[in-house]
Amino acid sequence: MPDDIVMELRQVSVAYHGDIRILQELSLAVRAGKITGIIGPNGAGKSTALKTLYGLLRPIEGDVLIDGAVVTGLPPWRFIDRGIAMVPQNRSLFNELSVEDNLRLACWSFRRDRARVEAALERAYTQFPILKERRKQPAGAMSGGQQRFLELGRALALKPRVVLLDEPTAMIAPRLSTEIYEFIHGLPAQGITVVLVDQNVRQCVRIADHLYVLELGRNKVDGATADFAQDEQLRNLIAEWVDYRIDA
Amino acid sequence: MATATPSSRTADRERADRIYFTLAALLGGIVIVYFACVPLLGGNLAFHFYLMLWITMASGFNVSSGFSGYMPFGYVAFYGVGAFTTAILVKKVGMPVLATLPLAGLAGLILALLFAPTLRLSGIYFAIVSLALAAICRLVITNMPETITGGSFGLQLGSHAEPVLSFYVMMVVMLVALGTILWLSRSRLGKALRAVRDDAEAADMMGINIARVRLQGWLIAAFFPAVCGGVEAWYTNVVDTETAFNTLITAKTVIYAVAGGLGTVTGPVVGAIAMVWLDELIWRRFPLLNLLILGLATVLLVLFLPRGIVGTVLRWRPGWRRFVP
């Protein structure tokens, strides 16, 4: 295994309700310090792949690896200890609780280490100053974009080395979406590896270093984004599968 | 805009906690003085005893339903087991009543641990299973040898009746319950319980051990009704399965908690005070139509104030949330 691979799905199959296979022998590798994009049509299994990477779903076949070690079956909270954080597609905030309480709950695994919790809060507030302004407000009282910032802030407060993002700009205003993509684009410079699942293929292709295209839960094609741009045949295939043509 | 450093944030929180708990202590002091004066001034002992009992029951139920999202329709099981634990230990083992009350609470905790696998269920499935388990508890105790549980006649505690002392003990139990729930509402555990209630998958992703947090909430919810059962057994001096496992106990607990508003500390307290007072009023004026009118009042309350009294007030005045626990 190359040294730069931090997470990996190896020949993974995942099924819902026992026999409905969503992923079929899917393999993907997450490279350190890069943005790995996962794209594909609806129902391709993109979100399922991300949930499996984070331990929310247990594969019926294959393995999940972190730094080359098999972690299949570990609960999500054990992934936090290994420096992995996730921002799911659907809103995952606790609306009744304040912004600060939402951030504090993200620090649950080290909740007794007061200094570390305070440092995590400070990190989130530095990344997203709006959260500091609204820290006493209920999370549910914020706008959709601000809630997304809180979710990102909550994940990044943990100082992760890998962050898994599922549709980070779903139902977000276009101007704010651009801001969020720019922020994600800057994460590798902070030493944070990104796995990005997105329906917004244009933006995903723009910022990703490596792309995986899924179809019906299987690997269809993958490679460095630059290679996609140079290969006419690949560009045609992408255009056919995800209705987006990568610029040459 | 003022910026908040970690130390100023901590100071902010500590100051808010100080104000919060000072207000709570002040209110607690008023409650103590009020209830302490009832026996001394010849007030209605029974009314106030049951008022405190229902405040405790509704508050305990609130931990399960308001904080954790479980609706245990078999909540009476803890009460009944607590009542029988006290009665059996006093009558058959000869223990002093006061010493049996912590053991009644312990019996509630053991029962809660036995029921813990049902926490895997949710919604109506959990509610139905808990109702069935309460029925099983009742049947088990009913079918135990008469020499232990007293059979259909129940157990009489005989010379142990001490209405005034048991009244004050009930007051202490109520204050401990309210103090615990007040602490819970501000604690990490309380926030984790709410997080798990609202979105278990998201809480799981935060690293919250869902099973452990749910169990902790469940144990707190089970302890207080069990102690209430023990104290009530002492107060009335008699325990039988018909009354100790009466589903009306669960029904009233649910109604009082919902009437006040689940999820807040004050909701079940306000709900219990309002509904017990209403119940008493209807009982005095229309004794034959008591349950009918009370049921009608409950229907109207749920129809027009679905969030309960406190929940509705907080909806109208969201700013009051800072002061209303």
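In what follows, chains carry the letters A, B, and so on, assigned in the order in which the sequence lines appear, proteins first and then strands, with residues in each chain numbered from 1.
- The part of Tyr54(A) that comes within reach of chain B is its side chain, from C-beta onward, which places non-hydrogen atoms under 4.5 angstrom from that chain.
- Side-chain contact, Ser47(A) with Asp166(A): a donor N or O sits under 3.5 Å from an acceptor N or O.
- With a 6.0 Å radius and a threshold of 12 heavy atoms from other residues, nucleotides or ligands, Arg307(B) has its CZ atom at or below the threshold.
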Does the salt bridge (charged side-chain N to carboxylate O under 4.0 Å, His left out) test come out yes or no for Glu100(A) and Arg134(A), once each step is laid out?
CA-CA 8 Å; Glu100(A) 186 154 310; Arg134(A) 308 259 168 136; over 6 Å; no
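- Partner Glu61(A) forms a side chain to side chain donor-acceptor pair (under 3.5 Å) with one of Gln24(A), Arg21(A), Arg10(A) and no other, that one being Arg21(A).
- Only the side chain of Arg154(A) comes within less than 4.5 Å of a heavy atom in chain B; its backbone stays farther off.
- Looking at Tyr70(B), its side chain never comes within 3.5 Å of a backbone N or O of Arg214(B) through a donor-acceptor pair.
- No other option in Arg197(B), Arg188(B), Glu201(B) has as many heavy-atom pairs under 4.5 Å with chain A as Arg188(B).
- Per-residue counts of heavy-atom pairs under 4.5 Å with chain A were compared for Ala203(B), Gly263(B), Ala195(B); the largest is that of Ala195(B).
- For Leu105(A), the parts lying under 4.5 angstrom from a heavy atom of chain B are both the backbone and the side chain.
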